[in-house]
Amino acid sequence: MTGVVIIGAGHAGVELAFTLRDVGYTDPITILDKSAHIPYERPPISKGWITGNASPDELALRSLDSFVTAKIDLRLSCNAREIDRQRKVVSTDSGPFSYNNLVLALGSRPGSLTMPGHQLRGVHQLHTLEHAAELRVNFAHATRVGVVGAGFIGLELASLAAKRGIPVTVVETASRVMPRTASEILSHYMRAQHEKLGTKFHFSSAVEKIVGSAHGVEGLQLSDGTVIDADLVILGIGGLANGEWLAACGIEYDNGIVVDKSLRTSDPNIFAIGDCARFEDDEGALMRLESIGNAADQARRTAAGIAGKQVPVADVPWFWTQQAGVRVQMAGRVDRVREWLLMGDEEKNSFSVLGWKGERLVYGESVNSPSDHVNVRKILTGTNNVTFSHLRSLAGMGLTAAVKAAATARA
């Protein structure tokens with residue numbers, strides 16, 4: 001067999017396979033995945049799916065028939081073990097697969113806490129469908145929930161519990177919610193929304209051990225001696241890139257599979273995309289992005305490169321979360337922000353926070369305002385050329401109205 005072999009049937013791998021067909025690639029395409037499940041969406045499992053009654057089939061990225069129709073050979077329960085780069089062969093539990101181009105879409109996995117009690121019944125992480133199915137069962141019987149980590153996953157699940165009337169306590173080592181992904185303005189706003197639902201927070205706190213018995217988890221003991229009662233504990237402490245095993249195959253791994261701007265590894269026939277890829281950004285720095293948008297964007301660009309088509313410009317990174325009755329959409333690079341600008345009024349529960357570096361917008365977050373998010377992305381890509389000084393003078397009217405006013409003034 002030749003053509004393209006993709007290891008990983010998550011968003012990145014599936015998007016790559018179908019995009020290859022869309023751009024006219026006719027050689028064989030094979031997807032290898034260690035999971036037994038048809039490829040599925042992950043974002044819904046940390047939102048309403050956990051507390052609902054939808055079946056796993058409703059999470060499917062594509063139907064099995066669509067793979068057959070597109071002539072994409074989907075091999076489930078197929079675990080890749082080794083890559084022979086000289087022979088261009090992937091060794092798996094199901095036998096060898098040869099390739100012309102190999103794409104590593106291995107995804108990521110949750111970070112772990114190897115502290116006393118981490119293996120107690122009722123302690124959960126959330127990443128796979130198996131995790132979700134087990135957590136759904138425990139959620140239905142929980143009376144007190146403890147969440148470790150105030151990132152997207154932890155807060156989304158905390159809000160689901162709170163809406164069901166279950167007491168929830170969130171423990172975070174930083175001093176605010178979403179400390180690495182959000183402005184202080186948004187952090188303070190979202191904390192208030194969660195507290196309105198009854199959620200309690202312990203900031204600047206570390207979990208020393210998870211307490212319990214043979215019957216299951218009973219609580220969290222913090223480093224200051226505080227004990228938080230909980231019969232369900234959720235660990236939401238970030239993710240780690242998969243792919244360490246590739247170092248033995250001569251492929252560089254350093255907090256992710258290291259690739260260049262074209263998403264190639266040091267082997268020109270092997271690419272890495274999605275959560276597992278540590279790639280060069282537009283300033284030459286290595287970074288990793290865990291998001292559906294990034295996975296799809298890298299898949300489309302890699303497909304174009306393999307098929308010999310014009311490679312599109314990299315999309316602006318974007319993210320979203322739904323928690324405590326609030327939809328937050330983000331775009332750009334929060335790590336580049338030097339100055340913040342609030343557009344609109346927090347009390348109206350629809351506003352945006354813009355992050356600037358000089359006169360250049362580098363990041364924006366929009367609360368309950370899809371139109372603001374669209375404008376943020378337009379400004380980031382240069383299709384809407386408004387400046388920091390101009391928007392600052394119009395901040396009170398909100399971003400979308402300010403952009404319209406700026407366009408009118410230019411006309």
Side-chain angles (χ1 to χ4, degrees), residues 1-33 35 37-42 59-76 78 80 83-85 87-90 92 94-107 243 251 257 259-277 279-282 289 291-318 377 381 383:
M1 182 179 295
T2 56
V4 174
V5 172
I6 303 164
I7 305 178
H11 288 81
V14 171
E15 182 75 18
L16 170 67
F18 281 90
T19 303
L20 280 168
R21 291 295 187 234
D22 290 342
V23 298
Y25 185 84
T26 57
D27 286 352
I29 301 173
T30 304
I31 303 178
L32 314 175
D33 196 81
S35 172
H37 297 286
I38 182 173
Y40 57 91
E41 292 190 75
R42 295 187 187 274
L59 296 174
L61 283 168
R62 303 266 184 158
S63 69
L64 285 175
D65 286 345
S66 67
F67 287 90
V68 175
T69 300
K71 297 183 179 180
I72 296 168
D73 186 6
L74 177 64
R75 300 293 186 101
L76 301 176
C78 184
I83 300 168
D84 185 331
R85 294 167 50 208
R87 294 172 54 227
K88 295 185 180 179
V89 173
V90 179
T92 77
S94 305
F97 293 84
S98 60
Y99 63 86
N100 289 334
N101 287 289
L102 176 65
V103 182
L104 305 168
L106 306 181
I251 297 172
I257 304 167
V259 295
D260 61 18
K261 290 183 179 179
S262 67
L263 302 169
R264 281 184 167 88
T265 67
S266 54
D267 185 322
N269 299 114
I270 301 178
F271 300 77
I273 60 175
D275 291 5
C276 69
F279 61 95
E280 284 186 43
D281 66 11
D282 57 352
L289 282 176
S291 78
I292 302 304
N294 177 64
D297 177 58
Q298 292 187 342
R300 290 190 289 266
R301 289 193 285 128
T302 300
I306 290 174
K309 307 295 183 180
Q310 182 175 353
V311 178
V313 175
D315 195 7
V316 170
W318 58 270
R377 292 175 68 170
T381 57
T383 57

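Only a predicted model underlies this, so the values are computations on that prediction, with no experimental measurement involved.
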(request) Decide yes or no on side chain to side chain contact (heavy atoms under 4.5 Å, CB included) for L16 and F271, but give the supporting numbers first. (result) CA-CA 11 Å; L16 170 67; F271 300 77; over 6 Å; no
(request) Walk me through it: do H11 and D275 pass the test side chain to side chain contact (heavy atoms under 4.5 Å, CB included)? (result) CA-CA 10 Å; H11 288 81; D275 291 5; over 6 Å; no
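Residues S63 and D65 have side chains that never bring a donor and an acceptor to within less than 3.5 angstrom of each other.
Residues T2 and D27 have side chains not in contact (no heavy-atom distance under 4.5 Å, counting atoms from C-beta outward). Side-chain contact between F279 and L263 is present, with heavy atoms from C-beta onward closer than 4.5 Å. Under the 4.5 Å side-chain criterion, counting only non-hydrogen atoms from C-beta, I83 is in contact with Y99. Considering only heavy atoms from C-beta on, L102 stays 4.5 Å or farther from K88 through its side chain.
In this structure, CG in D22 is found 10.5 Å from CZ in R300, a value given to the nearest 0.5 Å. A distance of 13.0 Å separates NE2 of H37 from CG of L61, quoted to the nearest 0.5 Å. Atoms OG and CZ, on S266 and R85 in that order, are 5.5 Å from each other to the nearest 0.5 Å. Interatomic distance, L104 CG to D267 CG, rounded to the nearest 0.5 Å: 9.5 Å. Between atom CZ of residue R42 and atom CG of residue L59 there is a gap of 10.5 Å, rounded to the nearest 0.5 Å. The CD1 atom of I38 sits 7.5 Å away from atom CG of L74, with the distance rounded to the nearest 0.5 Å.
Contact record, G274 with N294: O-ND2, 4.0 Å, taken as the closest heavy-atom pair. Closest heavy-atom contact between C276 and G107: CB-O, 3.4 Å. Residues P312 and R301 come closest through the heavy atom pair O-CD, 3.2 Å. Considering every non-hydrogen atom in both C78 and T92, the closest pair reads SG-OG1, 3.5 Å. Contact between A307 and V23 at its shortest, heavy atoms only, is CB-CG2, 3.7 Å. Between V14 and P39, the shortest heavy-atom distance links the atoms CG2-CB, 3.7 Å.
A side-chain contact (heavy atoms from CB on, under 4.5 Å) with R75 is found for exactly one of T30, I31, D33, namely T30. Each of V103, D73, I6 was compared with I29 under the side-chain contact (heavy atoms from CB on, under 4.5 Å) criterion, and only I6 meets it. Checked against P96 for a side-chain contact (heavy atoms from CB on, under 4.5 Å), the options V90, V89, D84 give a single hit: V89.
Scored by the salt bridge (charged side-chain N to carboxylate O under 4.0 Å, His left out) test, R62 finds no partners at all (sequence neighbours excluded). The salt bridge (charged side-chain N to carboxylate O under 4.0 Å, His left out) test applied to R264 returns no partner, not counting sequence neighbours.
Between the side chain of T265 and the main chain of I270, a donor-acceptor pair closer than 3.5 Å is present. Although no hydrogens or angles enter the test, the distance criterion places a donor-acceptor pair under 3.5 Å between the side chain of D297 and the main chain of D315.
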